[in-house]
Participant: 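This is the structure I have questions about; it appears just below.
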Amino acid sequence: MKKRIEALLANALERATAAGELHTTVVPPGCVEIPKERAHGDLAATLALGIARAERKPPRAIAETILRHLDDPHGVIAGTEIAGPGFINFKLAPRFWHEALAGLLADPTLGIDPAGRGKRAQVEFVSANPTGPLTVGHGRNAVLGDTLARLLEAVSYDVEREYYFNNAGRQMKVLGASVRARYQEIVGRPVDFPEDGYQGAYIRDVAQSLVDSRGDAIPDDDEKTFRAAAESAIFADIRATQDRLAITFDVYFNEDSLYESGAIEAVLRDLEAKGLSEKKEGAVWLCGEKVGLDKDRVLVKSSGEPAYRLPDIAYHQNKLGRRFDLIVDVLGADHIAEHQEVAAALRGLGFDTSSIRPVIYQFVTLTRHGEQVKMSTRRAEYVTLDELLDEVGSDAARFFFLSRKSDSHLEFDLELAKKRSTDNPVYYVQYAHARIMSLYAQAATQGIALPGAVTADDLGALELAEEFELVQQLVSYGEVVGVAARELEPHRVVFYLQELAAALHRFYNHHRVLGDESRERVAARLALLEAVRRVLVSGLGLLGVAAPERM
RNA sequence: GCGCCCGUAGCUCAGUUGGAUAGAGCGGCAGACUUCGAAUCUGUAGGUCGGGUGUUCGAUUCACCCCGGGCGCGCCA
């Protein structure tokens, strides 16, 4: 829609320049916008304002020159005016909207620009270590990552979803020891519960299943068995939770493989060779100042074990080596510093890290009846993602997790998410779809066929402002998805869908579709609703939320 | 103390690479169903965009300085 007007403006500018009246040759991108104020027309251009400085002329005079050269061969512009400091306002003709809607209905991509065609993207998310069930915080990560992957696919990237997990560090040792302690407890042997061991009931479940299958045959020093049992049981649990959210991964990448391949040794060697690491106090340090960090960071502890950031550097080096055009890391706010360290180290090693884009999300708080639900990781009092899904379901969970900019703290209202009413935004949007489906069913009982392929001429009966407003929103869909994918901001799709649903409900309440005496109008309105329906299905699909036919 | 993020209506939050009189939902108030699903819609009240300087035709948006909140600043991950 905007592009069409931009093209007309570019033409006018060209003619004005050719006539020697102006000097600018390029229309600045994004200079056509939808005005906030409806009275300002359907579209407004800031072109004259934008080039005023370079032209050294008053914006309004430039606007006049441009309008004088504006040619509209298809008659899609109903009127223009120069307003304010130099805006050019356009009133669009019905024909414009008819062509726009027909174009959308003929376009299987719904106007989404394939910005990622021929490019490969990787989204790494969740990446929780298998030491316990996923929490609500992991839920935001999981849904965010999966939706980013869907968005990138929508703009034609070839996308890989990857889960990185740490199964080599101290945490896994503690996990194994925690299971052993519970095992010892159950079989009646002396118990040595590890310091800061895992307290959750799921540890006991793992121990119990070992007792069920092996009795008391596992010796205390068989750490491997306890650890492996814990890892596989908890991982199965995590995957089951992900299944409930329709989240899958292409690659599960484990930290162990970086040791086996020698990648970690290689990073250490390279850093040392470049003089970016040094030994002191019995440990190996990354020289902070040399890579742009405020202080030195430990790479290898004096115990000889790598600190977490060393395998992380190796992992990201591995990712870069896989030649993705875009690498997205979905991270909680508490990991931002680590991410910067990794990126700094990689740059020090000579890697171009510009393809890596972190998406940082702030923490989630749960509220119920306006009261905050207390969560404490330390005392294992956190709410698990499974519990949240038990209570509100996948659709509401996904929709709510995505309904805020990831940079903002997310207040998750449990009661609102459960409500089956107008207040609940996910029901509001889903209801818009169900309503259209219901209307189709009604049409069928009246023997009214849904229109097939339509042309702009078939849509001539659309003439109401509310109809054109709906078309305008529909043709904006592709741009919304494009920006959401480019900026890695799924919440834009959520807000868009709420607005589209509102426009649909408004239209539906004011105008009868099937009852109209004009057959042409019935057909045109059904075509309009079909476009709304397709966009709703597409948008909800991007969010991983169902578009139900009945509710 | 240093770094990153946030501060917009009573509440929860949008604001599209700087645009016109700053928006939505909820809550408040007042209305609309013998008709395609009222799980909806209509109207209305509500703001020093945390504060202040600067950049310019123009700032919620950009820069700097304060104030307030979150998260980091570990040989934990």
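Being a predicted model, the structure only gives us computed values, none of them experimental. All chains are named by letter (A, B, ...) in the order of the sequence lines, taking the proteins before the strands, and each is independently numbered beginning at 1.
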Participant: Looking only at the side chain of Tyr508(A) (C-beta and beyond, no hydrogens), which of the listed nucleotides rC41(B), rC36(B), rC75(B) gets closest?
Facilitator: rC36(B)
Participant: Is it the case that rC75(B) (base atoms only) and Ser303(A) (side chain only) share a donor and an acceptor within less than 3.5 Å, ignoring hydrogens and angles?
Facilitator: no
Participant: Tell me whether the side-chain N/O atoms of His409(A) come closer than 4.0 Å to OP1 or OP2 in rC71(B).
Facilitator: no
Participant: Tell me what Arg512(A) touches on the nucleic acid: a base, only sugar-phosphate, or nothing, going by heavy atoms under 4.0 Å.
Facilitator: base
Participant: When rounded to the nearest 0.5 angstrom, what is the spacing between CG in Asp413(A) and NZ in Lys419(A)?
Facilitator: 8.0 Å
Participant: Between the base of rA77(B) and the side chain of Asp334(A), is one N or O donor paired with an acceptor at under 3.5 angstrom?
Facilitator: no
Participant: Has Arg309(A) got a side-chain N or O lying under 4.0 Å from the OP1 or OP2 atom of rG74(B)?
Facilitator: no
Participant: Under 4.0 angstrom, heavy atoms only, what part of the nucleic acid is His335(A) near: base, sugar-phosphate, or nothing?
Facilitator: base
Participant: Among rA14(B), rU16(B), rG19(B), find the nucleotide with the atom closest to the side chain of Ser408(A).
Facilitator: rA14(B)
Participant: Counting just side-chain N and O atoms, does Arg435(A) come under 4.0 Å of either OP1 or OP2 of rA38(B)?
Facilitator: yes
Participant: Under 6.0 Å from the ring centre and within 45 degrees of the ring axis: does the NZ or CZ of Lys279(A) meet both conditions for the six-membered ring of Trp285(A)?
Facilitator: no
Participant: Counting the atoms with a prime plus P, OP1 and OP2 as sugar-phosphate, which does His339(A) contact under 4.0 Å by heavy atoms, base, sugar-phosphate, or nothing?
Facilitator: nothing
Participant: Tell me whether the side-chain N/O atoms of Lys301(A) come closer than 4.0 Å to OP1 or OP2 in rC76(B).
Facilitator: yes
Participant: Taking rG72(B) as the reference, what is the distance to rA77(B) when you measure between their C1' atoms (whole Å, please)?
Facilitator: 14 Å
Participant: Should Phe363(A) be counted as stacked on rG70(B), where stacking needs a ring-centre gap under 5.5 Å and an angle between planes under 30 degrees?
Facilitator: no
Participant: Can you tell me if Arg404(A) touches the phosphate of rU12(B), counting only side-chain N or O atoms and a distance under 4.0 Å to OP1 or OP2?
Facilitator: no
Participant: May I ask you to verify if any side-chain N or O of Lys405(A) is less than 4.0 angstrom from the OP1 or OP2 atom of rC5(B)?
Facilitator: no
Participant: Hydrogens and angles aside, do Ser421(A) and Tyr427(A) bring a side-chain donor and acceptor to less than 3.5 Å of each other?
Facilitator: no
Participant: Please classify the nucleic acid contact of Ala443(A) as base, sugar-phosphate, or nothing, using heavy-atom distances under 4.0 Å.
Facilitator: nothing
Participant: Distance alone, cut at 3.5 Å: any donor-acceptor contact between the side chains of Asp312(A) and His339(A)?
Facilitator: no
Participant: Could you work out which one of rA20(B), rA77(B), rC41(B) sits closest to the side chain of Ala83(A)?
Facilitator: rA20(B)
Participant: Report yes if a side-chain nitrogen or oxygen of Tyr427(A) is closer than 4.0 Å to either non-bridging phosphate oxygen (OP1 or OP2) of rG25(B); otherwise report no.
Facilitator: no
Participant: Counting just side-chain N and O atoms, does Lys295(A) come under 4.0 Å of either OP1 or OP2 of rG74(B)?
Facilitator: yes
